[in-house]
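Structure record follows, encoded as structure tokens.
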Amino acid sequence: MTKKVRTVCPHDCPDTCSVLATVENGRVTACDGDPDHPFTRGFLCHKVAAYDQRIYSPDRVLYPMVRRRKRGGLERVTWDEAMDVVASRLGSGESVLPYSYGGTLGLVARHAGHPLFHALGACRLKRTICDDAADAGWRSMVGRTLGTDPERAAESDLILIWGMNASVVNIHFMPFVRDAQRRGAKLIVVDPYRNETAKMADEHVVVRPGTDAALALGMARVIVDEGLADAVYLTRRAESFERFRERLREYPVDRCEAICGVRGIARLAREFARAKAPFVRLGIGFSRHANGGQAVRSVLALAALVGAFRRGGAVFETYDAFDFDLDVLRRPDLLPRPTREVNMVRLGEALTADDRIRGLFVYQCNPAAVCPDQTAVRRGLSRPDLFVVVHEQMMTDTVEFADVVLPACTAFETSDLYRSYGHYYLQRSRPLIGPVGESRSNVSLFNALAKRMGLRDPIFEADEEARIEMLLAARRGATMDLDLAALGRGEPVRIGVTRGDPFERGFPTPSGRFRFADDSLADPLPSYTPCPEGCESGLRARYPLQLLAPPAKHFLNSTFGSVASLVARQRRPVVMLHPDEAAARGLAEGSLARVFNDRGETRAFVMATEDVPPGVAVLPSIWWRRDIPGQAGVNTLTSQRLTDLGESSTFHCALAECAPV
Ligand SMILES: Nc1nc2c(c(=O)[nH]1)N[C@H]1C(S)=C(S)[C@@H](COP(=O)(O)OP(=O)(O)OC[C@H]3O[C@@H](n4cnc5c(=O)[nH]c(N)nc54)[C@H](O)[C@@H]3O)O[C@H]1N2
Ligand SMILES: Nc1nc2c(c(=O)[nH]1)N[C@H]1C(S)=C(S)[C@@H](COP(=O)(O)OP(=O)(O)OC[C@H]3O[C@@H](n4cnc5c(=O)[nH]c(N)nc54)[C@H](O)[C@@H]3O)O[C@H]1N2
Ligand SMILES: [Mo]
């Protein structure tokens with residue numbers, strides 16, 4: 001029996017696609033993009049189009065396993081036995097650290113573990129590995145994390161994609177950009193290297209890594225000096241503009257050009273300010289530097305200066321508009337007291353600086369591959385006194401360190417509710433197939449474990465469907481008026497966000513205005529500060545290459561490294577270098593190079609290309625260890641340093657050197 005069933009792509013990507021899955025005799029056999037979803041528009045990325053290969057991957061964890069002694073092999077056990085081992089050895093209180101992130105973005109699955117770990121009084125994880133610098137920067141000016149509907153880019157005459165390889169990480173945004181380009185709009189991409197998006201642009205602005213604030217503030221200075229700002233908008237909609245104008249005195253154009261390496265800032269500024277409907281798509285990429293929060297604030301200030309929200313748009317993420325009270329799932333009230341917080345970016349330090357953490361519970365995350373300073377992370381995970389549980393779909397690099405491995409369902413085997421961080425549609429999914437092997441969903445695992453540990457609260461009785469209903473009952477704001485019948489049928493449902501200016505009735509700030517200054521910050525105004533490990537740092541004498549570690553097209557972070565056809569598409573780990581940099585080091589095209597700094601070394605094949613400027617090295621990631629020559633990934637080179645705002649990650653803020661093997 002063959003049927004087509006609508007479901008949702010669960011992965012950590014702004015597109016949150018509606019998927020039409022073909023199910024034959026209880027097996028998923030094909031996946032297509034839903035033509036009726038206004039953002040998916042009928043197509044999928046290669047990754048999810050091959051989803052059946054992931055569900056039935058030879059790397060799939062099919063049953064529970066226990067390691068009897070450190071470094072020994074994994075032995076198959078029953079769920080009962082595995083749960084006994086976990087319940088008796090995990091511990092409780094602050095010796096326990098839950099470690100999870102974005103395996104699925106389903107609101108129910110993603111928050112399934114919180115009540116249990118709260119009830120145990122475990123350490124709390126600060127889940128700030130991804131967008132928190134950008135988020136903090138955006139919030140400080142706008143109030144909440146939402147912005148112009150990305151679909152509105154189609155009506156723009158000048159689109160600026162800033163610090164984001166949208167053709168790779170937000171591919172369903174690009175048709176809107178192409179629609180605009182067909183109508184004569186200009187696309188400008190601001191990025192340190194000519195990525196796939198820059199190749200589609202009418203202009204590529206090559207900015208030095210970590211200097212975006214200087215570029216944006218230089219442009220803002222020109223706009224203010226030449227009277228090109230939207231004065232009416234600023235008077236009606238903004239506060240503290242005069243203080244911003246003062247700050248801009250520190251950013252004359254020649255100083256900014258010297259910092260960011262961009263010539264013609266004045267021309268760029270005029271063009272941007274004179275556009276009828278300028279649209280700025282801010283990425284997270286350029287926030288992954290030590291000064292990333294202020295970089296985002298500078299670009300956002302630039303957008304506000306020309307009244308972009310009113311005339312065209314500006315957006316970084318949309319998720320706050322999906323207004324649910326997530327605490328009904330997270331249950332912070334179960335915490336006995338505010339326990340220690342551990343920043344997930346610093347897992348390496350948390351596990352190696354001392355031995356306070358004795359039980360680590362990893363789910364929907366692959367820290368051995370995705371965390372910065374991988375050498376420290378792996379050393380920590382190998383600690384003989386650390387008990388490690390991993391709930392996983394695949395035999396990932398982290399499983400290598402597990403004392404207990406528990407098989408996890410994929411999203412197609414369970415129910416969930418999905419908001420998006422890149423559009424304004426909500427969608428609900430139901431299981432397409434039964435659990436593969438003996439796998440269990442996050443909710444069923446944590447409910448069973450809570451019972452085994454003697455915890456009693458009604459939340460531990462609630463299955464996925466019940467939790468979805470709890471969320472829907474706890475909705476407010478833009479999610480109030482929902483077509484619940486359509487949602488129940490699995491259709492994408494638009495939430496109540498206007499297609500025009502999302503802040504036409506005011507900003508969600510205390511004053512209702514856009515805030516150029518936020519006095520709660522160490523530096524209330526947008527500013528540029530050189531990065532300690534960036535293009536202006538002294539360390540460049542030893543490590544002259546600024547390393548960018550952006551996402552690979554055919555992987556999603558480390559997910560999909562289990563799909564052979566996608567590994568084949570991505571071919572092999574490469575380090576992209578300017579031909580002069582390659583030649584200066586005797587690195588022939590296609591040869592194997594060592595890329596190293598004080599934190600470690602990875603190996604990759606040289607791709608000499610003028611797409612990358614001198615002084616920069618680009619290593620698309622995240623490869624599985626088995627596919628990396630030398631087996632240590634790019635994150636051996638990245639650091640645990642946190643951003644200026646939001647305590648987030650600094651994946652593109654590392655210096656390195658390169659040499660032949
Ligand atoms: N195919 C694919 N899609 C993905 C992912 C994936 O791994 N693969 N990951 C998903 C996830 S978790 C997220 S958070 C999003 C990430 O999405 P974003 O972070 O918004 O975008 P990225 O393309 O990852 O950002 C990397 C880009 O930023 C540029 N960049 C680095 N430093 C600077 C700088 O200083 N200035 C400027 N202007 N640009 C800079 C890099 O050169 C690169 O082109 O994508 C999601 N989508
Ligand atoms: N060098 C470098 N490193 C980076 C980045 C970068 O750009 N460069 N990006 C960073 C960013 S933006 C992010 S968001 C992080 C992402 O880091 P992670 O959230 O760890 O992302 P993934 O690598 O996709 O790993 C998710 C894992 O969850 C598993 N999983 C999926 N669904 C479920 C489920 O329902 N239950 C359970 N138990 N498991 C599940 C998957 O099999 C997969 O192994 O990586 C960061 N690391
Ligand atoms: Mo992310």
Side-chain angles (χ1 to χ4, degrees), residues 10-15 45-47 54 59 61 99-104 106 109-110 112-113 129-131 134 162-171 189-193 195-198 205 207-212 215 260 281-289 291-292 295 299 316-317 344-345 362-367 369-372 390-394 396-399 406-411 413-414 416 421-422 439-442 445 531 534 546 548-562 616 618-622 633-635 637-638 649 651-653:
H11 289 291
D12 189 347
C13 164
D15 297 9
C45 64
H46 289 297
K47 305 184 290 298
R54 179 163 191 274
D59 293 317
V61 181
Y99 200 89
S100 74
Y101 200 67
T104 162
R110 200 172 191 196
I129 202 166
C130 179
D131 59 357
W162 201 304
M164 174 188 220
N165 190 3
S167 299
V168 164
V169 303
N170 186 197
I171 66 172
V189 166
V190 182
D191 204 284
Y193 84 103
N195 60 23
E196 294 199 25
T197 317
V205 177
V207 64
R208 269 200 201 113
T211 66
D212 298 83
L215 172 58
C260 72
R281 179 68 173 96
L282 292 87
I284 312 169
F286 78 102
S287 76
R288 304 195 202 286
H289 289 272
N291 60 13
V299 176
F316 131 72
E317 283 182 352
M344 71 182 301
V345 178
V362 180
Y363 58 108
Q364 38 182 35
C365 194
N366 185 11
V370 307
C371 276
V390 180
H391 183 227
E392 248 301 347
Q393 298 163 345
M394 303 293 160
T396 61
D397 291 353
T398 305
V399 166
L406 304 170
C409 283
T410 69
E413 296 152 51
T414 178
D416 221 315
Y421 64 94
S439 63
R440 287 193 184 172
S441 69
N442 295 2
L445 162 70
C531 291
Q546 177 100 32
L548 305 178
K553 180 172 183 173
H554 299 295
F555 303 146
L556 195 122
N557 301 312
S558 72
T559 301
F560 295 100
S562 55
V616 172
V618 183
L619 279 96
S621 53
I622 299 170
V634 67
N635 280 327
L637 305 179
T638 55
S649 58
F651 286 108
H652 304 308
C653 205

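First listed ligand is number 1; within each ligand, the first listed atom is number 1. Values below: every heavy atom of this structure, side chains too, minus hydrogens, waters and symmetry copies.
Taking every non-hydrogen atom of G283 and a distance limit under 4.0 Å, the qualifying atoms of ligand 1 come out as 20 (O). Ligand 1 places these atoms under 4.0 Å from at least one heavy atom of H289: 32 (N), 33 (C), 34 (C), 35 (O). Each of the atoms 22 (P), 23 (O), 44 (O) of ligand 1 lies under 4.0 Å from some heavy atom of N165. Under a 4.0 Å criterion applied to the non-hydrogen atoms of K553, ligand 1 contributes the atoms 1 (N). Close approach of ligand 1 to G210 (heavy-atom distance below 4.0 Å) involves ligand atoms 34 (C), 35 (O). Below 4.0 Å from some heavy atom of G163 lie the following atoms of ligand 1, by number and element: 25 (O), 28 (O), 37 (C), 38 (N), 39 (N). For ligand 1, the atoms sitting less than 4.0 Å from at least one non-hydrogen atom of Y193 are 42 (O), 44 (O), numbered in the order shown with element in parentheses. Distances below 4.0 Å separate heavy atoms of V168 from the following atoms of ligand 1: 1 (N), 2 (C), 3 (N).
Backbone and side-chain nitrogen or oxygen atoms of H554 are examined, and none is located within less than 3.5 angstrom of a nitrogen or oxygen of ligand 1. Close N/O approach between D212 and ligand 1 is found [any backbone or side-chain N/O within under 3.5 Å]. Residue D191 has at least one nitrogen or oxygen atom sitting less than 3.5 Å from a nitrogen or oxygen atom of ligand 1, judged on distance alone.
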Using side-chain hydrogen bond (donor to acceptor under 3.5 Å, both in side chains), reason through D12 and Y421 one step at a time and then give a plain yes or no.
CA-CA 9 Å; D12 189 347; Y421 64 94; 2.8 Å; yes
Determine, stepwise, if the pair R54 / Q393 fulfils side-chain hydrogen bond (donor to acceptor under 3.5 Å, both in side chains).
CA-CA 9 Å; R54 179 163 191 274; Q393 298 163 345; 2.7 Å; yes
Given N170 and R281, is the side-chain hydrogen bond (donor to acceptor under 3.5 Å, both in side chains) satisfied, shown in steps?
CA-CA 11 Å; N170 186 197; R281 179 68 173 96; 3.2 Å; yes
Could you walk me through whether H11 and F560 satisfy the ring pair (Phe, Tyr, Trp, His ring centres under 6.0 Å) test, starting with their C-alpha distance in whole Å, then the side-chain angles of each, then the deciding distance to 0.1 Å, before giving a yes or no?
CA-CA 11 Å; H11 289 291; F560 295 100; 5.1 Å; yes
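In this structure, ligand 2 sits under 4.0 Å from heavy atoms belonging to D12, R54, Y101, G102, G103, T104, I129, C130, R288, Y363, Q364, C365, N366, V370, H391, E392, Q393, T396, A408, C409, N442, A549, L556, N557, S558, T559, S621, I622, V634, N635, F651.
A donor-acceptor pair is defined here as one N or O able to donate and one able to accept, closer than 3.5 Å; no such pair exists between the side chain of N635 and the backbone of T638. Proximity of a side-chain donor or acceptor of H391 to a complementary backbone N or O of R440 within less than 3.5 Å is detected. A donor-acceptor contact shorter than 3.5 Å is absent between the side chain of R288 and the backbone of C653. With hydrogens and angles disregarded, a donor-acceptor distance shorter than 3.5 Å links the side chain of S649 to the backbone of I129. Side chain of D191 to main chain of G163: no donor-acceptor pair is present (N/O by atom type, distance under 3.5 Å, no hydrogens or angles). In this structure, the side chain of E392 does not engage the main chain of N366 through any donor-acceptor pair within 3.5 Å. Under the 3.5 Å distance criterion, the side-chain polar atoms of T414 are left unmatched by any main-chain donor or acceptor of A411.
The residue F316 has no part lying near ligand 1, judged by heavy-atom distances below 4.0 Å.
With a 6.0 Å cutoff to the six-membered ring centre and a 45° limit on the axis angle, R110 does not count as a cation-pi contact of Y363.
Distances shorter than 4.0 angstrom occur between a heavy atom of K47 and an atom of ligand 1.
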